[in-house]
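Before any comments, here is the structure.
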Amino acid sequence: MASIDELRPRVLEALASVEAGEVVTYGELALEAGAPGQSRLVGRILGEGHRGVPWWRVVNAAGRLVPGHEAEQRERLIAEGVTLTERGVPMGQR
């Protein structure tokens with residue numbers, strides 16, 4: 001299992017490649033960063049508040065938005081053309 005220090009640059013690089021209007025899950029981001037199954041660690045890394053990374057393009061496996069940041073995340077995703085429901089991103093339709 002990769003440490004948070006090893007995984008951080010890979011996660012941030014993978015997230016930087018997610019384009020406007022795209023949405024990924026924490027698990028997909030972990031897989032892209034070469035750390036399958038490490039979605040919680042990805043969440044911890046994104047929770048560190050790195051500036052300049054599109055954190056709002058990441059949702060949980062059920063499509064739910066980031067707790068405590070739902071309003072901002074919803075606004076940013078809608079501005080990028082992402083369709084949302086009351087519960088978040090409809091995962092079967094993304």
Side-chain angles (χ1 to χ4, degrees):
M1 175 162 80
S3 74
I4 194 167
D5 291 329
E6 295 169 327
L7 190 55
R8 185 178 293 109
R10 299 188 328 229
V11 166
L12 296 177
E13 181 179 340
L15 181 54
S17 73
V18 178
E19 296 186 17
E22 294 180 341
V23 177
V24 297
T25 66
Y26 294 98
E28 290 168 338
L29 199 53
L31 186 62
E32 180 69 26
Q38 298 298 310
S39 57
R40 289 179 186 259
L41 196 53
V42 168
R44 282 186 51 204
I45 291 167
L46 297 183
E48 293 172 345
H50 299 279
R51 295 186 183 265
V53 297
W55 61 269
W56 59 90
R57 297 179 184 150
V58 185
V59 297
N60 76 6
R64 285 192 304 265
L65 305 181
V66 176
H69 300 278
E70 296 96 343
E72 180 182 1
Q73 187 174 20
R74 178 176 293 278
E75 185 177 301
R76 287 176 179 252
L77 288 173
I78 289 171
E80 292 184 353
V82 176
T83 301
L84 298 170
T85 67
E86 186 177 304
R87 300 183 85 155
V89 177
M91 298 308 286
Q93 300 173 12
R94 50 184 192 117

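Numbering starts at 1 and runs along the sequence shown.
Within the 4.5 Å cutoff, side-chain heavy atoms of Leu65 are placed close to those of Leu77. Counting only heavy atoms from C-beta outward, the side chains of Glu28 and Val58 never approach each other to under 4.5 Å. In this structure, the side chains of Thr25 and Ser39 stay at 4.5 Å or more apart for every pair of heavy atoms.
Sorted by first and then second residue, the salt bridge (Lys or Arg N to Asp or Glu O under 4.0 Å) pairs involving residues 29-38 (not counting sequence neighbours) form an empty list. Pairs passing the ring-ring contact (aromatic ring centres under 6.0 Å, His included) check and including a residue from residues 69-89, sequence neighbours excluded, read Trp55-His69. Among residues at least two apart or in separate chains, there is no side chain to side chain donor-acceptor pair (under 3.5 Å) pair with a member in residues 10-19. Annotation: salt bridge (Lys or Arg N to Asp or Glu O under 4.0 Å) contacts involving residues 36-63, sequence neighbours excluded, comprise Arg8-Glu48, Arg57-Glu80.
Between Leu84 and Pro90, the closest heavy-atom pair is CA-CD, 4.3 Å. Considering all non-hydrogen atoms of both residues, Ala35 and Leu7 come closest at CB-CD1, 3.5 Å.
Annotation: ring pair (Phe, Tyr, Trp, His ring centres under 6.0 Å) contacts of His50 (sequence neighbours excluded): none. Arg76 pairs by the side-chain hydrogen bond (donor to acceptor under 3.5 Å, both in side chains) definition with Glu72, not counting sequence neighbours. Annotation: side-chain contact (heavy atoms from CB on, under 4.5 Å) contacts of Ala62 (sequence neighbours excluded): Asn60, Arg64. Scanning for ring pair (Phe, Tyr, Trp, His ring centres under 6.0 Å) contacts around Trp56 gives an empty result, with sequence neighbours left out. For Leu31, the side-chain contact (heavy atoms from CB on, under 4.5 Å) partners are Pro36, not counting sequence neighbours. The salt bridge (charged side-chain N to carboxylate O under 4.0 Å, His left out) check on Glu75 picks up nothing, with sequence neighbours excluded.
With values rounded to the nearest 0.5 angstrom, Tyr26 atom OH is found 6.0 Å from Leu46 atom CG. Between atom CG of residue Leu15 and atom CG of residue Leu29 there is a gap of 5.5 Å, rounded to the nearest 0.5 Å.
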